[in-house]
Amino acid sequence: MGSTGFSWTLPDHPKLPKGKPLAVVVLDGWGEANPDEYNCIHVAQTPVMDSLKNGAPEKWRLVKAHGTAVGLPSDDDMGNSEVGHNALGAGRIFAQGAKLVDQALASGKIYEGDGFNYIKESFENATLHLIGLLSDGGVHSRLDQLQLLLKGASERGAKRIRVHILTDGRDVLDGSSVGFVETLENDLSQLREKGIDARIASGGGRMYVTMDRYENDWDVVKRGWDAQVLGEAPYKFKSALEAVKTLRAEPNANDQYLPPFVIVDDSGNAVGPVLDGDAVVTINFRADRMVMLAKALEYADFDKFDRVRVPKIRYAGMLQYDGELKLPSRYLVSPPEIERTSGEYLVKNGIRTFACSETVKFGHVTFFWNGNRSGYFDETKEEYVEIPSDSGITFNVAPKMKALEIAEKARDAILSGKFDQVRVNLPNGDMVGHTGDIKATVVACKAADEAVKIILDAVEQVGGIYLVTADHGNAEDMVKRNKSGKPLLDKSGGIQILTSHTLQPVPVAIGGPGLHPGVKFRTDIQTPGLANVAATVMNLHGFEAPADYEPTLIEVAEN
Ligand SMILES: O=C(O)[C@@H](CO)OP(=O)(O)O
Ligand SMILES: [Mn+2]
Ligand SMILES: [Mn+2]
């Protein structure tokens with residue numbers, strides 16, 4: 001023990017044994033909702049998840065996965081992977097990026113920090129560029145924060161501002177891009193009336209332009225770089241409103257996948273390429289889909305694509321996106337300090353850990369799980385395996401994704417006897433749910449259920465324990481509803497497809513032959529959330545959780 005009294009050593013659990021292999025399975029986007037035809041989990045054949053729910057009521061329960069339970073500003077905020085996995089891994093509720101940015105804007109502290117002072121040096125003679133997701137989804141960014149930042153920066157001397165928008169359609173309804181662009185155009189024209197040269201300069205759909213993650217497809221980031229930095233894109237328009245309206249009129253257009261475009265002046269020149277001396281802010285608070293662009297903007301040595309021209313800029317992130325890489329080095333708001341995560345504790349207490357998912361979710365069970373920290377805590381005790389995701393497709397065309405491969409890797413890791421914890425994320429419900437394709441999402445849910453079976457069978461063989469949960473809802477509700485839960489129809493009488501996450505709770509199920517027979521869920525914790533899972537996991541490894549962790553979900557009945 002150090003002089004502060006802090007110790008990494010976890011006390012032994014008074015009743016639960018050590019040495020039982022534990023499988024931790026996170027079903028991405030798998031919430032609990034009323035059974036109807038838009039609940040793809042209900043519609044799909046999911047015998048394994050059904051049996052966990054119906055077979056052992058004392059070992060299955062729901063926990064909150066959205067809003068304040070995971071550190072978001074309000075209970076109107078849907079859950080998401082970053083906050084969900086942060087809570088699962090860290091065992092405590094941290095005020096998350098969305099909330100920290102709200103607070104910094106409200107108090108004005110955002111304008112007093114090193115990050116803002118740094119970019120401000122460009123205000124007098126150069127341009128301020130703001131790049132990010134344009135919606136009020138609240139998962140990666142929020143329109144009202146962009147509006148406040150535009151106002152705050154212009155009041156503090158920014159004379160020329162260029163906004164590079166990424167249309168959403170994933171955290172908000174498809175087609176809503178037009179309204180968001182209208183709102184932003186209106187704000188920018190008000191700034192122009194005050195003598196500030198403020199315009200939208202480029203754009204594109206988030207899944208096709210810029211917002212790739214975990215290095216799945218650098219072409220996505222390159223398309224953004226070409227439009228935002230170089231001012232080059234296959235589509236050129238006089239205004240962003242014309243751009244989104246025209247591109248949306250194409251067959252099968254989708255906000256998530258709009259092609260890149262630049263706004264040009266009367267002589268056909270891009271109105272806002274990034275030039276030497278300019279300042280750039282990436283306005284998303286969430287990390288995963290900004291890290292790749294942050295590398296392209298910040299790294300001198302960079303070989304992921306040909307940047308062609310690398311302007312000397314002052315760059316700041318809304319937050320620092322990667323605490324280990326210290327990326328970006330400048331930022332407007334300090335990220336939550338998520339330290340002493342369960343992963344770090346357990347590794348330091350000898351728990352040999354295996355984590356696996358496919359590329360699009362790989363960082364969820366590693367980076368997010370470990371508090372937005374990349375890399376291993378201890379290479380000798382950990383192995384993280386990434387299965388390459390399909391790239392360049394929307395996942396409704398291959399809804400089984402790599403669920404089988406992930407499950408097989410987990411199975412092999414469990415059977416190898418080399419690991420105490422085997423942790424996976426099964427992406428299907430979420431990634432296919434985001435496409436809005438109901439039929440494909442049903443196939444996706446079935447595939448995830450089959451993957452769970454493979455893992456639970458392996459647990460059975462080695463006499464281990466499992467804990468199956470989810471990070472937030474998605475596939476359990478695919479339609480936008482009115483307050484009383486009735487599906488909302490669009491103008492042509494079709495249902496309004498919900499591509500986003502939900503506010504629904506998620507299941508936690510425990511079991512397996514290695515589970516002490518007296519273990520059951522406590523009934524004295526009324527509204528637990530995902531943050532209660534970490535202490536539970538520590539208990540299942542035979543340890544007590546640190547005192548400041550959210551309480552465990554389980555108790556051990558006296559025999
Ligand atoms: O795809 C994403 O970036 C988000 C939705 O915006 O989903 P998740 O939180 O499940 O990663
Ligand atoms: Mn998720
Ligand atoms: Mn998602």
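Counting from 1, the numbers follow the sequence of the chain as shown. Both ligands and their constituent atoms are indexed starting at 1 by order of listing.
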Is any side-chain N of the basic residue among Lys326 and Asp322 closer than 4.0 Å to the acidic one's carboxylate O?
-> no

Kindly assign one of parallel, tilted or perpendicular to the pair Phe305 and Trp225, based on the angle between their ring planes and the thresholds 30° and 60°.
-> perpendicular

Is the shortest distance from a Lys or Arg side-chain nitrogen in Asp136 or Arg142 to a carboxylate oxygen in the other one below 4.0 Å?
-> no

Shell of residues surrounding ligand 1, defined by a 4.0 angstrom heavy-atom cut-off that is strict = Asp28, Asn80, Ser81, Val139, His140, Arg170, Asp171, Arg206, Arg213, Arg286, Arg289, Lys361, His364, Asp430, His434, His472, His501

In this structure, CZ of Arg340 is separated from OH of Tyr549 (nearest 0.5 Å) by 6.5 Å

Ion pair check, Asp430 and Lys361, cut-off under 4.0 Å | yes

How wide is the angle at the Mn ion (ligand 3) between OD2 of Asp430 and NE2 of His434, to the nearest 10°?
-> 100°

Answer yes or no as to whether an N/O/S atom of Ser81 is found below 2.8 Å from the Mn ion (ligand 2).
-> yes

Ring geometry between Tyr214 and His364 (parallel below 30°, tilted from 30 to 60°, perpendicular above 60°) | perpendicular

Measure from the Mn ion (ligand 2) to each N, O or S atom of His501 and report whether any distance is below 2.8 Å.
-> no

Ion pair Lys222/Asp212, N-O distance below 4.0 Å | no

Does any N, O or S atom in Asp28 come within less than 2.8 Å of the Mn ion (ligand 3)?
-> no

Any Lys/Arg nitrogen of Lys446 or Glu450 sitting under 4.0 Å from an Asp/Glu carboxylate oxygen of the other?
-> yes

State whether Asp471 contributes an N/O/S atom found under 2.8 Å from the Mn ion (ligand 2).
-> yes

